[in-house]
Amino acid sequence: MSRNLSVAVIGAGRMGVDHIQRLARRTHGAEVSAVVDIDPARAAAAAAGVPGAAALTDIRAALEDPRTDAVLIATPGFLHEDALHAALARDIPILCEKPLTPDSVSAWRVLQAEEKLGRKRIQVGFMRRYDAEYAHLAELIRSGELGELLMLHHQHRNPATPPGFSNEMLINDSVVHEFDAVRFFSAEEITSVRVRTGKTTRNAPAGMNDPQQVLMETTSGVLADVEIYVNAQYGYEVGTQAVFEQGVVRIGNHAGPYLSARGRWGGTVLPGFAERFSAAYDREIQSWVDAALQGDIGGPSAWDGYAAAACCEAGVEAQKTGRTVAVELHEKPLLYQS
Ligand SMILES: NC(=O)C1=CN([C@@H]2O[C@H](COP(=O)(O)OP(=O)(O)OC[C@H]3O[C@@H](n4cnc5c(N)ncnc54)[C@H](O)[C@@H]3O)[C@@H](O)[C@H]2O)C=CC1
Ligand SMILES: O=C1[C@@H](O)[C@H](O)[C@@H](O)[C@H](O)[C@H]1O
């Protein structure tokens with residue numbers, strides 16, 4: 001395809017608007033042809049100032065338009081399945097924000113629909129894989145330079161939760177990224193999950209345990225833990241310490257620059273994920289567009305979305321029961337083995 005990839009963006013909320021700006025202003029080879037939101041005012045506001053972008057309220061109208069080459073889904077997770085099936089029926093490239101779907105049964109249905117097409121059409125929005133430090137750590141692991149990877153310690157801190165955020169969302173909305181990160185770094189599946197709750201911050205909404213510790217193990221026995229703390233108040237921090245046979249690698253948390261001034265030294269804590277992962281989102285979308293123009297996908301697949309959904313399910317059960325819960329996965333279809 002020599003012309004730009006015409007993308008219909010479904011959902012013009014926080015992430016949708018961010019991706020529309022990215023596609024329209026910072027991505028090569030793409031343009032936004034439609035913005036779809038159930039709320040017409042949101043669709044119109046997001047499409048305003050984007051040349052050629054139609055404001056629509058129904059995904060079907062975007063998919064019926066022959067100009068639509070690809071879709072980016074940024075509606076809430078519980079709406080992803082319908083949008084995915086509709087876009088798969090058009091056999092066009094899809095970037096679906098995380099989660100692929102909220103549970104492993106619906107994720108498997110999506111994966112089977114894609115398998116029938118005989119090619120990968122869906123990329124899942126696990127953008128951390130595109131963060132420069134994440135990519136560097138993955139390269140170090142693959143190179144074997146420091147020996148075998150043995151353990152991963154993660155911290156994931158958000159300043160505060162939006163209204164309605166629950167214990168389950170802490171796993172499904174937040175730790176879903178670490179499930180993907182552990183699978184990405186270890187290049188293995190996660191076999192079990194355990195969740196520990198302890199003393200809770202007074203800043204958490206009633207009924208929520210915050211922080212929590214999520215413990216997991218991979219096929220070869222790599223142990224990983226996550227401190228998930230979603231009302232940490234002071235800012236947004238995401239970091240990992242990877243322990244190898246011959247060394248330790250730290251990424252995230254305290255990236256510079258460090259300032260020495262006014263009798264103090266130090267850096268800045270970023271306010272949220274949009275700032276922390278801004279460059280990663282840019283790379284993620286560029287990689288998807290580049291691959292889509294070649295009829296491929298550029299990153300995490302529907303299998304990765306399905307496996308993460310299965311981990312989340314195990315995580316929520318572990319959270320409720322206090323038990324170590326096994327992650328159950330179907331056999332990996334051939335399509336996803338390379
Ligand atoms: N990769 C990342 O770091 C992040 C990913 N996300 C993911 O992005 C997705 C969207 O999240 P947010 O932008 O925070 O949500 P949001 O609530 O800000 O926006 C969702 C939008 O979808 C619209 N919508 C609802 N039903 C619709 C329908 N049937 N058709 C079309 N539009 C509809 C809503 O009116 C709203 O404008 C979620 O899957 C979320 O998990 C969210 C935050 C960060
Ligand atoms: O996906 C995201 C949010 O939905 C989630 O609530 C945050 O915890 C994550 O850090 C962010 O990347």
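Throughout, residue positions are numbered sequentially from 1 according to the sequence presented. Each ligand, and each atom within it, is numbered from 1 in the order the structure gives.
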In the protein, what heavy atom is nearest to [atom], and what distance, to one decimal place, separates them?
atom                    : answer
atom 41 (O) of ligand 1 : Lys98 O, 2.9 Å
atom 44 (C) of ligand 1 : Phe273 CE1, 3.3 Å
atom 7 (C) of ligand 2  : Asn158 ND2, 3.3 Å
atom 28 (C) of ligand 1 : Ile38 CB, 3.8 Å
atom 1 (N) of ligand 1  : Glu97 OE1, 3.0 Å
atom 26 (N) of ligand 1 : Leu79 CD1, 3.2 Å
atom 42 (C) of ligand 1 : Met15 CG, 3.3 Å
atom 17 (O) of ligand 1 : Pro76 CG, 4.6 Å
atom 9 (C) of ligand 2  : His156 NE2, 3.5 Å
atom 2 (C) of ligand 1  : Tyr281 OH, 3.3 Å

Once you restrict to heavy atoms under 4.0 Å, what part of [X] touches ligand 1? Side chain, backbone, both or neither.
X      : result
Phe126 : neither
Ile59  : neither
Met127 : side chain
Arg42  : side chain

Subset of ligand 1 atoms that lie under 4.0 Å from at least one heavy atom of [X]:
X      : result
Ala12  : 37 (O)
Gly77  : 39 (O)
His80  : 39 (O)
Gly125 : 1 (N)

| Which segment of Met15 sits under 4.0 Å of ligand 2 when only heavy atoms are counted |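 Neither; no heavy atom under 4.0 Å.
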
| query | ligand 2 versus His177, non-hydrogen atoms closer than 4.0 Å: side chain, backbone, both, neither? | reply | side chain

Checking side-chain polar atoms at under 3.5 Å, does [X] have a donor or acceptor matched by the opposite partner on [Y]?
X      : Y      : value
Asp65  : Thr68  : no
Ser106 : Thr101 : yes
Thr201 : Asp210 : no
Glu114 : Tyr336 : yes

| message | Using a plain distance cutoff, I'd like to know if Asp173 has any nitrogen or oxygen under 3.5 Å from a nitrogen or oxygen of ligand 2. | response |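 It does: an N or O of Asp173 is found under 3.5 Å from an N or O of ligand 2.
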
| query | Based purely on interatomic distance, does Tyr236 place a nitrogen or oxygen under 3.5 Å from a nitrogen or oxygen of ligand 2? | reply | yes

With heavy atoms of [X] as the reference, note each atom of ligand 2 found under 4.0 Å away.
X      : answer
Met127 : 12 (O)
Ser174 : 5 (C), 6 (O), 7 (C), 8 (O)
Lys98  : 1 (O), 2 (C), 3 (C), 4 (O)

[X] side-chain N/O to [Y] backbone N/O, donor-acceptor pair under 3.5 Å:
X      : Y      : value
Arg42  : Asp37  : no
Gln123 : Gly299 : yes
Gln212 : Ile228 : no
Gln319 : Ile171 : no

Ligand 1 and [X], any nitrogen or oxygen pair closer than 3.5 angstrom?
X     : value
Asp37 : yes
Ile10 : no
Gly16 : no

| remark: On a heavy-atom basis, the closest approach of Arg276 and Leu270 is CA-CD1, 3.6 Å

| query | side-chain contact (heavy atoms from CB on, under 4.5 Å) with Ser104: which of Glu313, His330, Arg109, Glu328? | reply |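 Passing option: Glu313.
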
| request: Going by the side-chain contact (heavy atoms from CB on, under 4.5 Å) test, name the single residue among Val243, Ile141, Val249, Thr218 that passes it with Leu149. | output: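 Exactly one candidate clears the test, Ile141.
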
| Min side-chain heavy-atom separation Phe126-Arg183 under 4.5 Å | no

| Do protein heavy atoms approach atom 15 (O) of ligand 1 to less than 4.0 Å? |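 Within 4.0 Å: no protein heavy atom nearby.
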
| message | Test of understanding: clusters of I, L, V, M, F, W, Y form through side-chain heavy atoms closer than 4.5 Å, transitively. Do Leu72 and Met127 belong to the same one? | response |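 Looking at the clustering, Met127 is in a separate group from Leu72.
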
| said: As a quick check of understanding, evaluate side chain to side chain contact (heavy atoms under 4.5 Å, CB included) for Trp303 and Lys120, giving each step before the final call. | reply: CA-CA 10 Å; Trp303 173 264; Lys120 293 181 202 158; over 6 Å; no

| request: Nearest 0.5 Å please: distance from the CG atom of Asp225 over to the CD atom of Gln213. | output: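 One finds 6.5 Å between CG of Asp225 and CD of Gln213.
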
| message | Ring centres under 6.0 Å, that's the criterion: do Tyr130 and Phe277 meet it? | response | no

| request: Please assess Ser287 against Asp290 for the test side-chain hydrogen bond (donor to acceptor under 3.5 Å, both in side chains), listing each intermediate value before the final yes or no. | output: CA-CA 5 Å; Ser287 160; Asp290 291 347; over 6 Å; no

| request: Answer with yes or no whether Arg276 contacts ligand 2, where contact means a heavy atom under 4.0 Å from a ligand atom. | output: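 No.
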
| request: Just go through Tyr281, Phe277, Phe273 and tell me whose heavy atom is the nearest to atom 3 (C) of ligand 2. | output: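 Of the listed residues, Phe273 has the closest heavy atom.
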
| message | Looking at Arg26, I'd like to know if its CZ atom is crowded, meaning that more than 12 non-hydrogen atoms belonging to other residues, nucleotides or ligands lie closer than 6.0 Å. | response | yes

